[in-house]
Each structure stands twice: as C-alpha cells, then as structure tokens.
Amino acid sequence: MRRSALYRAPRGTSDILPQEQAYWRYIEQKAVSTTQLYGYERIDCPVFEGTQLFDRSVGEDTDIVEKEMYTFEDRGGNSITLRPEGTAPVCRAYLEHGMHNWPQPVKLYYLTSIFRYERPQAGRYREHHQFGCEAIGDSDPALDAEVIDLAWQLLYSLGLHRITLQINSIGCKDCRPAYLAILKEYYAHGTPDLCPDCQARVVRNPLRLLDCKNPQCQSVADAAPKSVDHLCPQCQEHFSRLKEYLGLLSLPFRINHRLVRGLDYYTRTVFEIQPEAEGSQTTILGGGRYDDLIEQLGGKPTPAIGFATGLERIVLNLKREGVPIPPLPRPQVFIVYLGDAAKAKAIKQTAALRRKNIGALTAPGGKSLKAQMRQANALGIHYAVIIGEQELQTGTMILRDMTTAEQQTIPGEQLEDWLTARR
RNA sequence: GUGAGUGUCGCCUAGCGGUCUAAGGCGCCAGGUUGUGGCCCUGGAGAGCGUGGGUUCAAAUCCCUCCACUCACCCCA
C-alpha cells in the first residue's frame, strides 16, 4: 500500500511530471510557430460552457453527448459541461464577439484540456489535451487544403514521418439526405447479420454504419454506396478541387470512403491523420468542414473548417518512433561554497547572475563541498563555480566545466562575462 | 457499458505455504581524511507485500470479496 498516496489523481487523469515536460513544450512550441506561418492567432475559451452548446453542436445522438460529458448543475441551477471538444466553444466565441466583422476567414488556434467520461486506456484519457485550429468564414476548397496542409506539416515537422492522410467528402445538407436514404435502402436489403450496434445505426445514425469495426459488418460496409458518388454538383466540385489543391501541395492523401466522423456537425470534407505503426488508437489528428455549425448556433450561414489533435497521442507516437526531443534549458551554473563567509558571497553572486538573466543555483543547507558538487552533477549543470577561503581573500573564483572536468581560476568580477560568452 | 490481465520500498524486480523481524538493482541521503562531481567502495533512510475476509499450526505466497491500475472492445484526439 502507498501510505504516502492517500489521494490519487482521478481516474483517467494524470500529472504531467517535469521529466515529461520536454515533450509538451516541444509540441506546444512547434504548434505555435507552425500556425503562425499560416496566420493563426490563439484563443482561450472557458473550461466549461453551458451544456446546450454541446448538445446542439456535437449532436444529441453522438456518444460524446449521450454518455461522455461531464455535466453538472452549478449553484445557480444552470447546467454546465466541461468542454468535451474544442470547436463549439470557438464558434460560440466567434458569434459572441462579432468576429464576422473581422477579416475573413478568421483563423484561430487553441491548446486546452478536454474532458470526456470514458474508460481510460492507452492514448485515451478522461482529461486530455488538444491542439486545434479553426478557419471560419470561407468555403473555398483551397482553405480546406491549407488547413490539411497545416495539420500535416505540424505532425511532420514534429518528427512523425510515418503517418498517412485520409480524406473523404460526406456532402452537405442538400445532398446528404438523399445519400443517407440510399445507404439505408442498401442496408435494409441483403444485410443478413449486422452487429447489434449497426442495426441501431440504420435508424439513428446511418453514416456511422460505414466505420463499424465489427468484422461481420466489414464486407457490408466496404460494398456500401459511397458518399462521393452521391454528392450534389457543388459538393462534387468542392471535393475535386480539394484533391487538385492537395496535389499542388504534394500531400500524399488517400480517399477513404468509410471515413466519417463521430461529431454530427461535419459537412463535405472530413480527414484524419493516422500513424502507420500498429496500435489501438489510430487517429492522431482529425477534422473537417462544418459549414452549418455557426448557423445552428444562431449565426448567419458561415462556412468553416478545422481540426484537432491529441497531445497525449502525439507524445505516445513521438516515443514510439524514438523522435529525439530537445532538452529543456537548465541553469547554466552552480555556485559551490565553503564556509559561512563564502556562503554569503555565493548567495550574492547567484542573485547577481540571475538579475543578468543567467540561470544560477546555489545549495541551501550545510552541505559539504562534495555534496554540493554531486548535486551540481546530478542536475546536469554545465559549470560549477567554487568559492572558498582562498578565493574570498584573492577575489577570485574557481570555474569548473563539469562536462570536461577542466577548471581555472578567474577574477570574480569576470564571472558574468565569462558565462555570458559561453551561453 | 463489456472483456482480459495485473497489484511487494519513490521506480524496477526477486520471493510462489514455514528459512520473510521481506531480498536486490535504480534513485535518494551521508561518508571514503584535511577544499571538488560523474566510476568505484561503505553505510543509512525507505515496503510488511492493494483491501477485507477465509483456509491453515503457519500466507507476500492458496481461495473469495471489494478497490485500483493496465490493456482491449465501443467511440474518439
């Protein structure tokens, strides 16, 4: 038993410890710098929203709304939900702040925690973190291509090279009903033994029939009518232009006729990026167009497209692929002292260096010289400075390079310059 | 919601009915002469074996309960 662990992080949540932070900082920095290249600006929305926002946008028949939301009543009696996805809040903000008056499309990115009540497993948590981009206010397939390009470049530049891009078009509100009718018709005939889930889907959410993973449904779904064969002329045009633009960008995409997504708001373009490696959590990044969402939320008809990617899954894949991660910066110098007079000097010197933006440490407590040196070494500090009686009297310091074990004595007043030169 | 697996010091692991007042490695702390790290050596702190119950003369070791965690299904990032 862990006596020290009377309290534990709630199921499906985890502490991101210092030794993991290099991964997170790496991804964050790359995400920020990459999106800047495409003109995105950051937005941070509240951790919770009114429950209705998600009911309306994500779709009441989706798993997320049906059984995965953290919903509760606040003290004022309002139904509140911890955000289970990032797009709806951004759209809410778009409307609330009149962003339709900004230059269109409005390009926003977010980096936040997401909450879903699920059974945790590898790459799936109750609290996880998503990085997402939304481009709101333009329907040009060139924008679709640009967003997909951004998603691809982000993952690729992180060092994930063994990835695949899949796209599909699931039509719009004009042509999808007819397609769904055809799909239902197909499933109504000649489909002897569907899994129980699919039997329910035929009525409730026929599009989802296509991505059923149940073996007995595979062949049926494979041979099902394809959405791309039943697009209206506008959607057809949109999709073929998209493919053309993706070609221009040299993005190696594959059309997956069975790619549909689990949120109801998607229209036309949907896409996913998956790692080539085996594993249960196949989707590392997913997104698509949602041309009707803003209108559904009470705005004017406003086309939009976006994607989101799970940071935990990126970390998982970075580790699996053995991608080298740049280490986080450490203090440059550790000041070691001998005796009380030297300790006072060390404290002053450490503070002075910090005020000059040089990371510096000194050991609290009455540690021996040996212990201080050990600590400097264990922390991976590049330089040690030693101040003892002799140095105090001569106004010098011993400067030791911990990586080469070379050391020299320098005048104390030169320390700052010396370190600055070697930063 | 369903299924499978696991549960011994901070981490990893040994022990599989008595020799366990539980062992080792990593890590941590302190030393290895007088002012110096990494290797090496010595010592120290640190668990009573997830929980409750049962079987037994005897349980970390067998059985059951519950709990937790992990993995997988579903779905999603």
Side-chain angles (χ1 to χ4, degrees), chain A residues 1-5 8-12 14 17 19 27 58 61-68 84-87 111-132 151 155 195-198 200-201 205 208 211-215 217 260-263 272-275 279-287 306-317 334-339 342 363 365-392 398-407:
Chain A
M1 196 215 345
R2 288 154 192 189
R3 294 173 154 284
S4 57
R8 337 189 58 191
R11 180 149 216 217
S14 54
L17 299 174
Q19 56 265 38
I27 297 168
V58 176
D61 287 338
T62 59
D63 284 334
I64 291 178
V65 170
E66 272 185 350
K67 53 188 185 185
E68 295 179 358
E85 65 105 37
T87 300
L111 183 52
T112 53
S113 42
I114 297 289
F115 305 88
R116 290 183 199 167
Y117 190 84
E118 302 181 272
R119 287 288 288 270
Q121 69 187 74
R124 200 180 67 192
Y125 310 98
R126 290 185 175 180
E127 179 189 32
H128 72 278
H129 300 79
Q130 288 188 7
F131 172 79
L155 296 181
C195 70
D197 284 339
C198 278
R201 287 183 181 121
N205 204 339
R208 298 212 59 82
D211 75 340
C212 181
K213 278 108 185 166
N214 205 311
C217 304
V260 299
R261 303 206 23 92
L263 289 75
E272 284 186 8
I273 295 179
Q274 306 185 348
S280 57
Q281 308 307 331
T282 51
T283 305
I284 183 168
L285 179 152
F307 71 84
T309 179
L311 293 236
E312 282 83 355
R313 288 189 185 175
I314 292 179
V315 171
L316 200 68
N317 281 280
F334 195 108
I335 300 184
V336 171
Y337 55 84
L338 247 132
K367 283 179 188 286
S368 67
L369 177 60
K370 179 198 281 281
Q372 293 178 65
M373 292 299 289
R374 269 189 182 150
Q375 184 163 18
N377 181 249
L379 294 176
I381 308 298
H382 197 142
Y383 298 107
V385 163
I386 301 166
I387 305 174
E389 294 297 319
Q390 276 177 37
E391 290 71 31
L392 227 40
I398 296 173
L399 217 155
R400 182 177 178 86
D401 184 326
M402 298 295 277
T403 60
T404 62
E406 287 166 9
Q407 68 181 39

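A note on names: the letters A, B, ... follow the listed sequences, proteins ahead of strands, and every chain is numbered from 1.
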Return the value, rounded to whole Å, for the distance between atom CD1 of A/Ile284 and atom P of B/rA77.
13 Å

Rounded C1' spacing from B/rC20 to B/rC28 in Å:
25 Å

So, A/Arg208 side chain and A/Arg261 main chain: donor-acceptor pair closer than 3.5 Å or not?
yes

Is the phosphate of B/rA72 approached by A/Arg119 (side-chain N or O, under 4.0 Å from OP1 or OP2)?
no

Under 4.0 angstrom, heavy atoms only, what part of the nucleic acid is A/Tyr125 near: base, sugar-phosphate, or nothing?
base

Write down the distance separating the P atoms in B/rG50 and B/rC63, rounded off to the nearest Å.
14 Å

Is A/Gln407 touching bases, backbone alone, or none of the nucleic acid, heavy atoms closer than 4.0 Å?
base

In whole angstrom, give the distance that lies between atom CD of A/Glu127 and atom C1' of B/rA77.
14 Å

Can you check whether any acceptor in the base of B/rU36 is under 3.5 Å from a donor in the side chain of A/Arg374, or vice versa?
no

Separation between the C1' atoms of B/rC69 and B/rU8, rounded to whole Å:
15 Å

Looking at A/Gln390, does any N or O in its side chain come under 4.0 Å of the phosphate oxygens OP1/OP2 on B/rG35?
no

Could you state the atom-to-atom distance from CG of A/Asp63 to P of B/rU2 in whole Å?
16 Å

Take atom CG of A/Leu17 and atom C1' of B/rG10, then tell me their distance rounded to the nearest Å.
11 Å

Does B/rG31 fall in syn (glycosidic angle within 90° of 0) or anti?
anti

Shortest side-chain distance from A/Leu369, nucleotide among B/rG35, B/rA77, B/rC28:
B/rG35

Report yes if at least one side-chain N or O of A/Gln121 is closer than 4.0 Å to OP1 or OP2 of B/rC71; otherwise report no.
no

So, taking the atom named CG in A/Leu285 and the one named CD1 in A/Ile314, what distance separates them when rounded to the nearest 0.5 Å?
7.0 Å

Can you tell me how far the CD1 atom of A/Ile381 sits from the CZ atom of A/Arg400, to the nearest 0.5 Å?
15.0 Å

Using modelled atom types and a 3.5 Å cut-off, is there a donor and acceptor pairing between side-chain atoms of A/Gln407 and backbone atoms of A/Ile398?
no

For the residue pair A/Ile387 and A/Val336, establish whether any side-chain heavy-atom pair is separated by less than 4.5 Å.
no

Could you check whether A/Ala376 gets within reach of a base, just the sugar-phosphate, or nothing at all, counting any heavy atom under 4.0 Å?
nothing

Under a 3.5 Å cut-off for both contacts, is B/rG44 paired Watson-Crick or G-U wobble with anything, and if yes, with which nucleotide?
B/rC28

Can you find a pair of side-chain heavy atoms, one from A/Met402 and one from A/Asn377, that are under 4.5 Å apart?
yes

Ranking B/rA77, B/rG35, B/rG38 by distance to the side chain of A/Leu338, first place goes to B/rG35

Under 4.0 Å, counting only non-hydrogen atoms across every strand here, what does A/Gly132 touch: a base, just sugar-phosphate, or nothing?
nothing

Nearest whole Å is fine: how far is B/rG7 P from A/Arg8 CZ?
15 Å

With rounding to the closest Å, how many angstrom separate the C1' atoms on B/rG7 and B/rU65?
15 Å

In this structure, how many angstroms lie between the P atom of B/rC28 and the CD atom of A/Gln19, rounded?
13 Å

Nearest listed nucleotide, side chain of A/Ala378, among B/rA72, B/rG35, B/rC28:
B/rC28

Looking at B/rC73, which nucleotide sits across from it as a Watson-Crick or G-U wobble partner, both distances under 3.5 angstrom, or is there none?
B/rG1

Give a yes or no on whether a donor-acceptor pair under 3.5 Å exists between the nucleobase atoms of B/rU36, that is its base, and the side chain of A/Gln372.
no

Integer angstrom distance from the P of B/rA60 to that of B/rU51:
11 Å

Tell me which of A/Pro120 and A/Glu389 sits closer to the 5' end of RNA chain B, going by the nucleotide each one is nearest to.
A/Glu389

For the P atoms, the ones on B/rU19 and on B/rC49, what distance do you get once it is rounded to whole angstrom?
15 Å

Any A/Ser368 side-chain N or O less than 4.0 Å from OP1/OP2 of B/rA30:
no

Hey, are the side chains of A/Thr112 and A/His129 touching, using non-hydrogen atoms and a 4.5 Å cut-off?
no

Distance check needed: B/rU2 C1' versus A/Lys67 NZ, whole Å only.
11 Å

Can you tell me whether the side chain of A/Glu118 and the base of B/rG1 have a donor-acceptor pair closer than 3.5 Å?
no

Less than 4.0 angstrom between a side-chain N/O of A/Lys370 and OP1 or OP2 of B/rU36, yes or no?
no

Pairwise P distance, B/rC62 and B/rG5 [rounded to whole Å]
15 Å

Taking for each residue the nucleotide of RNA chain B bearing the nearest heavy atom, is the 5' side occupied by A/Lys367 or by A/Glu406?
A/Lys367

Counting any heavy atom closer than 4.0 Å, what does A/Ile114 reach on the DNA or RNA strands: base, sugar-phosphate only, or nothing?
nothing

Any donor-acceptor pair under 3.5 Å from A/Arg126 side chain to A/Glu118 backbone:
yes

Any strand counts, and the cut-off is 3.5 Å on both contacts for Watson-Crick or G-U wobble. Which nucleotide pairs with B/rC39?
none

Any donor-acceptor pair under 3.5 Å from A/Thr309 side chain to A/Ile284 backbone:
yes

At under 4.0 Å between heavy atoms, what does A/Ala384 touch on the DNA or RNA strands: base, sugar-phosphate, or nothing?
nothing

Of the listed nucleotides (B/rC73, B/rG35, B/rA77), which one gets closest to any side-chain atom of A/Ile386?
B/rG35

Any strand, both distances under 3.5 Å, Watson-Crick or G-U wobble: B/rA22 pairs with none

Sticking with atom P, work out how far B/rC26 lies from B/rG44, rounded to a whole angstrom.
15 Å

Does any N or O donor sit under 3.5 Å from an N or O acceptor when you compare the side chain of A/Asn377 with the base of B/rG37?
yes

Rounded to the nearest Å, what distance is computed from the CD1 atom of residue A/Ile381 to the C1' atom of nucleotide B/rG38?
14 Å

Under a 3.5 Å limit for both distances, which nucleotide forms a Watson-Crick or G-U wobble pair with B/rA68, could you say?
B/rU6

